[in-house]
Amino acid sequence: MSEPTQKYSITMPRDIAEAARARSGPSGLSAYVAAAVARQIERDNLNELIAVAEAEHGPITEEEIQQHRELLRRARAEQRSSGASAA
């Protein structure tokens with residue numbers, strides 16, 4: 001069951017609103033905007049977590065970022081290949 005909803009009034013630039021409406025599809029503009037706000041909240045929470053970790057352990061180096069990107073790339077490739085073999 002989903003959370004109860006409430007109606008809000010927001011203001012945004014017309015071009016952004018029109019682009020969002022054009023992309024919102026059958027779920028509608030409200031669902032599209034809610035999903036975008038949820039993603040932004042996740043990013044904000046992640047940035048806060050990174051700031052806490054960097055304050056405790058020091059900044060993340062570019063090399064560490066690249067190492068983790070490579071690990072993610074490999075994991076995604078493995079998921080695709082195991083998903084294809086399961087089908």
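One-based numbering along the sequence shown.
- Look at Arg74 and Glu70 and you find a salt bridge, because one of the NZ, NE, NH1 or NH2 atoms lies within 4.0 Å of a carboxylate O, short of that distance.
- Considering all non-hydrogen atoms of both residues, Ser27 and Ser24 come closest at OG-O, 3.2 Å.
- Within the 4.5 Å cutoff, the side chain of Ser30 has no heavy atoms near those of the Val33 side chain.
- Atom CD of Glu62 sits about 11.0 Å away from atom CD of Gln67, to the nearest 0.5 Å.
- Across every non-hydrogen atom of Gln66 and Arg69, the tightest pair is NE2-NH1, 3.1 Å.
- Side-chain atoms of Glu64 come within 3.5 Å of backbone atoms of Thr61 as a donor-acceptor pair (strictly under, hydrogens ignored).
- Under the 4.5 Å side-chain contact rule for hydrophobic residues, Leu71 and Ile65 do not share a cluster.
- Here Asp44 contributes atom CG and Glu42 contributes atom CD; the two are 10.0 Å apart, rounded to the nearest 0.5 Å.
- Summarising the geometry, atom CD belonging to Gln40 is positioned 10.0 Å from atom CG belonging to Asn45; distances are rounded to the nearest 0.5 Å.
- A continuous path of ILVMFWY side-chain contacts below 4.5 Å connects Ile16 to Ile10, so both sit in one hydrophobic cluster.
- Taking hydrophobic clusters as Ile, Leu, Val, Met, Phe, Trp and Tyr residues chained together by side-chain heavy-atom distances below 4.5 Å, Leu46 shares a cluster with Ile60.
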